[in-house]
Amino acid sequence: MTALDESVTRTQARTLSGAAQKSSWRLAFDTITHPSTRSTTATGSRVAGIAPVAAPLAPLPALDASLQAAVSPRVQPALEQRQLWERRYRRQLRVVDSSAVIAVTGMTALIEAMLIGPAITLQQQWLLGTVFGLTAGVWLLLLSLFQTRDSRILGSGATEYKRVAHATGLAFGLVAILFIIVQASGLRLQLLIALPTGIVALLAGRWFSRRWLVRKRRSGLYASRAVVIGRRADVAHVITSIQRDGASSYNVVGITIDELDDRSELTVGGATFTSRGNVSTAARVAAELGADTVIVASHVDADPDFIRRLSWQLEGTAAELVLSSRLTDVAGPRISLRQVEGLPLIQVQIPTFEGGKHLLKRAFDIVVSSLALLAIGIATPFIALAIYIDSPGPVFFRQLRVGRDGQTFRMWKFRSMKTSAEQDLIALQAQSDGNGVLFKMKDDPRVTRVGRILRKFSIDELPQFFNVLVGDMSIVGPRPPLPSEVAAYDGDVSRRLFVNPGITGLWQVSGRSDLSWDESVRLDLRYVENWSLISDMMIMWRTVRVMIRPTGAY
């Protein structure tokens with residue numbers, strides 16, 4: 001055997017042994033890049049002593065079940081649709097925020113330039129431009145870092161407004177610190193004008209954007225398609241809560257009842273839902289209905305790993321897996337999650353009824369009530385004249401009410417009834433339209449003509465700002481009850497007296513006299529345990545809207 005034959009034979013052996021270990025594409029690559037392994041010449045004749053080594057490419061074998069399970073989930077159309085409208089709304093908010101920030105900071109820089117006058121130097125112009133750009137840039141950056149456009153907080157609640165306020169405060173704080181460090185000037189007007197004006201402009205922009213979003217959701221757009229699973233009673237409770245919230249981000253498109261009975265339909269609030277599948281097929285039901293959210297209304301006792309497995313099954317199909325709990329009906333804002341050695345724990349903060357938070361609320365009440373009484377003092381002579389002409393007698397009406405810790409006080413109101421109203425009440429008790437504890441009549445004959453107007457727009461309650469100023473009441477709080485009502489309290493209803501009663505509250509912006517007794521108690525208890533200064537401001541703003549468009553006032 002010649003040296004050439006030995007070389008060729010060794011090459012062939014190496015190629016054949018490697019072919020058993022390499023994939024088909026690698027084998028083809030070797031065949032192309034090693035000419036000595038080719039089995040035919042350019043004319044198609046066989047070279048002596050060389051066997052063909054390149055086998056035809058075989059199709060790849062199908063993945064078995066274990067390998068198919070290892071393929072990562074892909075985003076489904078329902079989830080893509082949700083992500084699409086979320087991105088569109090976030091872009092809208094980004095435009096609103098940027099417009100507000102650039103407008104107020106630019107306006108402030110322009111005002112400062114006008115104050116300097118025609119003698120402004122090039123250096124001063126550069127400084128004003130630097131302050132404008134730095135303030136606007138840091139402000140917009142902090143709005144993004146604080147996740148003020150997170151889809152989980154948009155559309156309802158006070159968290160969105162809180163994050164905007166916190167981001168604004170920190171932005172100006174950082175810019176102020178920077179200017180102090182470099183000993184630069186030119187930030188004073190930004191602090192005096194842009195800060196307060198900007199926070200108002202941002203919050204107003206977010207509020208109008210939220211109104212737009214709510215209108216879209218009421219028409220079926222910009223809302224998550226949800227499937228609710230669990231026991232029948234718990235599913236009904238979740239759907240009722242969603243229907244009651246006009247700004248809800250969920251649109252229930254299907255249910256799965258985790259109970260063995262012959263009833264496959266559930267009717268809630270006039271809407272009928274047909275149960276599909278069972279809890280083990282919830283992910284498939286969600287995919288069939290094009291849902292991007294699954295709400296678990298009750299825990300599946302027979303399967304402790306159900307939630308974890310369901311979350312895996314929903315990967316690529318849904319954006320949210322929501323766990324509903326009756327605990328959140330009262331303690332919602334005080335709930336947080338903690339990880340202890342890998343164990344997720346739900347932590348419920350115990351409410352407190354004294355301390356710095358309450359002192360801040362009291363200071364806020366004093367400032368706002370003082371300013372309100374100045375305006376009310378101007379309007380009082382005209383209101384008093386109208387009351388007296390329509391029904392001669394006292395202009396003001398004082399009534400005994402129960403305040404914090406069961407202490408009684410005299411509550412002030414503009415008189416809206418006849419002077420004999422208290423004596424006529426006994427004869428009218430049987431005609432009450434109230435909720436069983438409160439006496440209410442839609443067409444109360446004791447109310448005067450002027451009184452009906454005062455009550456419709458809540459003008460009769462304006463003197464209560466005096467009660468706020470002296471500390472008997474708060475601007476926002478539970479409804480101030482009569483002693484006879486407190487005597488009928490049972491169970492936990494007396495917890496309403498843990499804080500000062502309010503001129504307005506959740507009860508007033510949620511239907512007022514149209515609410516049932518249980519609903520009014522639920523709203524008051526939620527406020528007592530979960531109030532915050534931001535939520536108070538939101539309730540005050542909603543109260544202004546209710547006064548302009550009154551509902552349930554009689």
Side-chain angles (χ1 to χ4, degrees), residues 152-153 156-163 165-166 234 237-238 240-242 244-245 247-248 322-338 345-365 368 401-407 409 435 437-438 468 471-481 485-486 488-512 515-543:
R152 293 171 296 180
I153 64 172
S156 61
T159 304
E160 178 184 359
Y161 300 125
K162 288 180 180 179
R163 291 188 183 182
H166 293 165
D234 295 324
H237 173 73
V238 169
T240 301
S241 300
I242 291 175
R244 186 169 52 228
D245 183 7
S248 176
V322 182
L323 307 182
S324 173
S325 172
R326 297 293 183 98
L327 177 66
T328 60
D329 191 43
V330 174
R334 294 182 286 111
I335 291 179
S336 60
L337 292 177
R338 291 184 59 192
L345 300 178
I346 298 178
Q347 181 179 8
V348 180
Q349 181 182 359
I350 304 301
T352 58
F353 303 98
E354 57 184 358
K357 179 181 175 182
H358 292 265
L359 291 176
L360 183 60
K361 179 180 176 68
R362 177 60 188 147
F364 179 77
D365 286 341
V368 175
R401 296 293 179 114
V402 180
R404 181 174 182 176
D405 299 330
Q407 300 296 318
F409 67 96
N435 48 35
V437 178
L438 305 178
V468 174
D472 294 330
M473 296 177 63
S474 181
I475 294 176
V476 182
R479 193 189 67 84
E485 297 171 20
V486 175
Y489 283 178
D490 58 354
D492 300 326
V493 182
S494 58
R495 292 180 62 86
R496 302 168 79 185
L497 305 178
F498 285 3
V499 297
N500 279 337
I503 299 177
T504 185
L506 286 174
W507 51 275
Q508 185 160 12
V509 300
S510 304
R512 302 175 71 174
L515 295 174
S516 66
W517 171 250
D518 290 338
E519 185 66 15
S520 62
V521 169
R522 186 183 69 84
L523 291 174
D524 280 345
L525 292 183
R526 181 200 298 179
Y527 176 82
V528 167
E529 299 178 356
N530 303 306
W531 70 269
S532 67
L533 204 56
I534 294 292
S535 66
D536 280 3
M537 293 179 183
M538 293 180 62
I539 291 174
M540 291 167 62
W541 175 248
R542 292 174 62 185
T543 302

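Positions are given from 1, in the same order as the sequence printed here.
Here the side chains of T352 and K357 are not in contact, with every heavy-atom distance at 4.5 Å or above. Counting only heavy atoms from C-beta outward, the side chains of V368 and M540 approach each other to under 4.5 Å. Using a 4.5 Å heavy-atom threshold, the side chains of L533 and F364 count as touching. Using a 4.5 Å heavy-atom cutoff, the side chains of S324 and D234 are not in contact. Between Q407 and V402, the closest side-chain pair of non-hydrogen atoms is not below 4.5 Å. With a 4.5 Å cut-off on side-chain heavy atoms, T504 and I539 count as touching. At a threshold of 4.5 Å between non-hydrogen side-chain atoms, the residues F409 and P501 count as touching.
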Note to self: Using side-chain contact (heavy atoms from CB on, under 4.5 Å), reason through V509 and W541 one step at a time and then give a plain yes or no.
What the structure shows: CA-CA 10 Å; V509 300; W541 175 248; over 6 Å; no

Note to self: Show, in sequence, the C-alpha distance, side-chain angles and deciding distance for R479 and E485, and conclude whether the salt bridge (Lys or Arg N to Asp or Glu O under 4.0 Å) test is met.
What the structure shows: CA-CA 11 Å; R479 193 189 67 84; E485 297 171 20; 2.3 Å; yes

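Interatomic distance, I475 CD1 to N500 CG, rounded to the nearest 0.5 Å: 11.5 Å. We find the CG-CD1 distance between D365 and I503 to be 8.5 Å, quoted to the nearest 0.5 Å. Rounding to the nearest 0.5 Å gives a distance of 9.5 Å between CD of E354 and CG of L359.
Listed here is the closest heavy atom pair of L523 and L506: O-CD1, 3.6 Å. Between A158 and I534 the shortest heavy-atom distance is CB-CG2, 3.7 Å. Annotation for P481 and L497: closest pair CG-CD2, 4.0 Å, computed over non-hydrogen atoms. When all heavy atoms of S535 and S532 are compared, the pair lying nearest together is OG-O, 2.7 Å. Closest non-hydrogen pair, P480 versus G502, comes out as CD-O, 3.6 Å. Shortest non-hydrogen contact noted between V521 and R496 is CG2-NH1, 4.3 Å.
No donor-acceptor pair closer than 3.5 Å links the side chain of W507 to the backbone N or O of E519.
Heavy-atom neighbours of R152 CZ from other residues, nucleotides or ligands within 6.0 Å: at or below the threshold of 12. D492 CG: 12 or fewer foreign heavy atoms inside a 6.0 Å radius.
Ring geometry for F353 versus F498: interplanar angle over 60°, hence perpendicular rather than tilted (30 to 60°).
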